[in-house]
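Each remark here refers to the structure printed beneath this line.
The sequence lines fix the lettering, A, B, ..., with proteins before strands; numbering per chain opens at 1.
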Amino acid sequence: MTNLQPVRGTHDLLFDDLRRHRLIEATAFDLAARYGFVEIATPIFEFTDVFARTLGDTSDIVTKEMYTFETKGGESITLRPEGTAGVARAFISGGLAQMTPLKLFYRGPMFRHERPQKGRQRQFQQIGVELLGVASPQGDVEVIALAEHILKDLRLTGVTTLEINSLGDTESRAAYRDALVQFLGARKTALSEESRERLARNPLRILDSKDPGDQAAVKDAPAFTDFLNMASQDFFKTVQDGLAALGIGFKVNPALVRGLDYYCHTAFEFTTEALGAQGTVLAGGRYDGLIQQMGGPPTPGVGWAAGVERLAMLLPELTPAHRPIAVIPISDDEVTAAQSLTHTLRRAGLAADLGYGGNMGKRMKRADKINAIVAVILGADEVREHAVTVRNLDTGDQVKVPEADLVRHLAAYR
RNA sequence: GCGGGUGUAGCUCAGUUGGUUAGAGCAUCUGGUUGUGGUCCAGAGGGUCGCGGGUUCGAGUCCCGUCACUCGCCCCA
């Protein structure tokens, strides 16, 4: 081992950072269950093709951000850069088409080899849902409603905004793409170098470029909404009406384009101003062609994923952790009795802490440091009387309690 | 992958035009206090000054390289 630094873009989680993660995951899991979603855990690696084929050959994720390696058997394996492709693969290989509509929730680490910065790491946690086998816009509304519900319970609706757009069906999308390429092709000189590249590869992305020149050029470009065919327009309108009916606020953003190839119809993002360049906190959309494209039965799908680290950075102050009871033997003579007492309290469902050494003063200090709510003190007198001294560490009030009454007495401190 | 900024104690940071034993606050530990914590007082431990090379009588300080972090671009959760 030549150095002890963590691998670039990876982080250890503990204490409040990890509590934030767990709170987010638990909130999302519980609410997803309320909406009828069950958890799926897919492997964190797949054959490289699973991602290469589904995400699109032009996406940056595939072209430069995948952690890919070869096994001893010569197979190409990739650490999952996102969740949907793996779930889609599981849907197909597990024969889950029998069970549609299928509502799946997942959580776990994702891996992308890109330059780390605020809100962006090489290993990061995502939570997400996929609703498979539902073609109706009712599905889009449901998954967005779940997303909003999670953010609301996490008290994040104040710092996030929901933006939605429609990418239309395949036909609408192709027509728009042609029109956009034609329009921007004629103004090539006004575009940034990167956008000139994108014109051939991924022209829709020019719409949300941050380059001022690009933004000016795009200003008078044809609007996506004008190219939506009737079916796509109806679909989009139904989604908007559905959200409005649930009282979910949103903003239509015609420039909203998702990066991955498999999206169609609804695209949405919850964004924030609070995270610098990484404004997207939860994003998703509809992917009706994906499963079939991967070789499965034609199956519509809609879902989203959220970055747990980004949500964690937005989270308000955590409520203090549960306060334990400190058991304090006055001398070494009472340590065994104290350990037994601690065990009894724990068996009774109370969080009890027994330090590992030191005189009474030190043990009291430790009790204070771990934010104990009460100290249960055990000395020679107490042992003789089959009692303990209970000290309220906030008020300093102290009372002697018979051992038999202790658990009942401590219930007041829970 | 590209551009900017920053690296000094566990944390937050001082450190003068290059000058001899590198400091502070917080945190930790010990003692004041062997039946009572927080507050207070006294003391202690803790540093390859990110790493490597160079300039110099002398480098935390200047130069080059490198690594890491960070902000932005690209892209994305």
Distance check, [atom1] atoms only: [N] and [M], in whole angstrom units.
{"N": "B/U56", "M": "B/A42", "atom1": "C1'", "value": "44 Å"}
{"N": "B/C13", "M": "B/U6", "atom1": "C1'", "value": "13 Å"}
{"N": "B/G4", "M": "B/U20", "atom1": "C1'", "value": "37 Å"}
{"N": "B/G60", "M": "B/U12", "atom1": "P", "value": "23 Å"}
{"N": "B/C2", "M": "B/C62", "atom1": "C1'", "value": "28 Å"}
{"N": "B/U21", "M": "B/G65", "atom1": "P", "value": "31 Å"}
{"N": "B/G7", "M": "B/U16", "atom1": "P", "value": "13 Å"}
{"N": "B/A27", "M": "B/C41", "atom1": "P", "value": "12 Å"}

In this structure, how many angstroms lie between the [atom2] atom of [N] and the [atom1] atom of [X], rounded?
{"X": "A/L315", "N": "B/A77", "atom1": "CG", "atom2": "C1'", "answer": "16 Å"}
{"X": "A/L207", "N": "B/C74", "atom1": "CG", "atom2": "C1'", "answer": "17 Å"}
{"X": "A/R20", "N": "B/A77", "atom1": "CZ", "atom2": "P", "answer": "23 Å"}
{"X": "A/R196", "N": "B/C74", "atom1": "CZ", "atom2": "P", "answer": "15 Å"}
{"X": "A/R363", "N": "B/U34", "atom1": "CZ", "atom2": "C1'", "answer": "13 Å"}
{"X": "A/L79", "N": "B/A77", "atom1": "CG", "atom2": "P", "answer": "17 Å"}
{"X": "A/L256", "N": "B/C76", "atom1": "CG", "atom2": "C1'", "answer": "13 Å"}
{"X": "A/F111", "N": "B/A77", "atom1": "CZ", "atom2": "P", "answer": "16 Å"}

For atom [atom1] of [X], decide whether the heavy atoms of other residues, nucleotides or ligands shown that lie under 6.0 angstrom number more than 12.
{"X": "A/Q138", "atom1": "CD", "value": "no"}
{"X": "A/K251", "atom1": "NZ", "value": "no"}
{"X": "A/Q398", "atom1": "CD", "value": "yes"}

We want to know whether [X] and [Y] form a side-chain donor-acceptor pair, criterion being a heavy-atom distance below 3.5 angstrom.
{"X": "A/D214", "Y": "A/S195", "answer": "yes"}
{"X": "A/E130", "Y": "A/T84", "answer": "yes"}
{"X": "A/T157", "Y": "A/E148", "answer": "no"}
{"X": "A/T238", "Y": "A/D241", "answer": "no"}

I'd like a list of close polar pairs between nucleotides 69-72 of chain B and the protein, N/O only, cut-off under 3.5 Å.
unit_1: B/C69; atom_1: OP2; unit_2: A/R8; atom_2: NE; d: 3.1
unit_1: B/C71; atom_1: OP2; unit_2: A/K118; atom_2: N; d: 2.6
unit_1: B/G72; atom_1: OP1; unit_2: A/A277; atom_2: N; d: 3.1
unit_1: B/G72; atom_1: OP2; unit_2: A/Q117; atom_2: OE1; d: 3.3

Check your understanding: Which is true for A/E334 with a 4.0 Å heavy-atom rule: it touches a base, it touches only sugar-phosphate, or it touches nothing?
Key -> nothing
Practice item. Toss me the dot-bracket line for RNA chain B: Watson-Crick and G-U wobble, both under 3.5 Å, 5' to 3', using | for pairs to another strand and [ ] for crossers. Key: (((((((..((((.....[...)))).(((((.......))))).....(((((..]....))))))))))))....
Please tabulate, one pair per line, all N/O donor-acceptor pairs under 3.5 Å involving side-chain atoms of residues 352-362 of chain A, not counting sequence neighbours.
unit_1: A/D353; atom_1: OD1; unit_2: A/R366; atom_2: NH2; d: 3.0
unit_1: A/D353; atom_1: OD2; unit_2: A/R366; atom_2: NE; d: 3.2
unit_1: A/D353; atom_1: OD2; unit_2: A/R366; atom_2: NH2; d: 3.4
unit_1: A/N359; atom_1: OD1; unit_2: A/G361; atom_2: N; d: 3.2
unit_1: A/N359; atom_1: OD1; unit_2: A/K362; atom_2: N; d: 3.0

Exercise for review: Give a yes or no on whether the backbone of A/L156 and the side-chain of A/T160 come within a donor-acceptor separation of less than 3.5 Å.
Suggested key: yes
Exercise for review: Say whether, by atom type as modelled, one donor and one acceptor occur between the side chain of A/H386 and the main chain of A/E382 under 3.5 angstrom.
Suggested key: no
N/O donor to acceptor pairs below 3.5 angstrom from side-chain atoms of residues 37-48 of chain A, sequence neighbours left out:
unit_1: A/E39; atom_1: OE1; unit_2: A/R107; atom_2: NH2; d: 3.1
unit_1: A/E39; atom_1: OE2; unit_2: A/R107; atom_2: NE; d: 2.7
unit_1: A/T42; atom_1: OG1; unit_2: A/R80; atom_2: NH1; d: 3.3
unit_1: A/E46; atom_1: OE1; unit_2: A/R89; atom_2: NH1; d: 2.9
unit_1: A/E46; atom_1: OE2; unit_2: A/R89; atom_2: NH1; d: 2.7
unit_1: A/T48; atom_1: OG1; unit_2: A/S76; atom_2: O; d: 3.1
unit_1: A/T48; atom_1: OG1; unit_2: A/S76; atom_2: OG; d: 2.7
unit_1: A/T48; atom_1: OG1; unit_2: A/I77; atom_2: N; d: 3.4
unit_1: A/T48; atom_1: OG1; unit_2: A/T78; atom_2: OG1; d: 2.8

Practice item. Kindly indicate whether the side chain of A/R391, heavy atoms from C-beta on, has any atom under 4.5 Å from the side chain of A/M364. Key: yes
Exercise for review: Answer with yes or no after comparing the ring centroid distance for A/H149 and A/Y35 against a 6.0 Å cut-off, counting only values under it.
Suggested key: yes
Point to revise | For A/A375 against A/I328, the heavy-atom pair lying closest together | key: CB-CD1, 4.0 Å
Review point. A/L162 and A/L243: which non-hydrogen atoms are nearest, and at how many Å?
Key: CD2-CD1, 4.4 Å
Point to revise | Contacting residues from residues 301-308 of chain A, given that a heavy atom lies under 4.0 angstrom of RNA chain B | key: A/A305, A/G307
Review point. Do the side chain of A/R112 and the base of B/A77 come within less than 3.5 angstrom through a donor-acceptor pair of N or O atoms?
Key: yes
Study note, to complete from the structure: With B for base contact, S for sugar-phosphate-only contact and - for none (protein heavy atoms under 4.0 Å), nucleotides 35-41 of chain B reads BBBB---
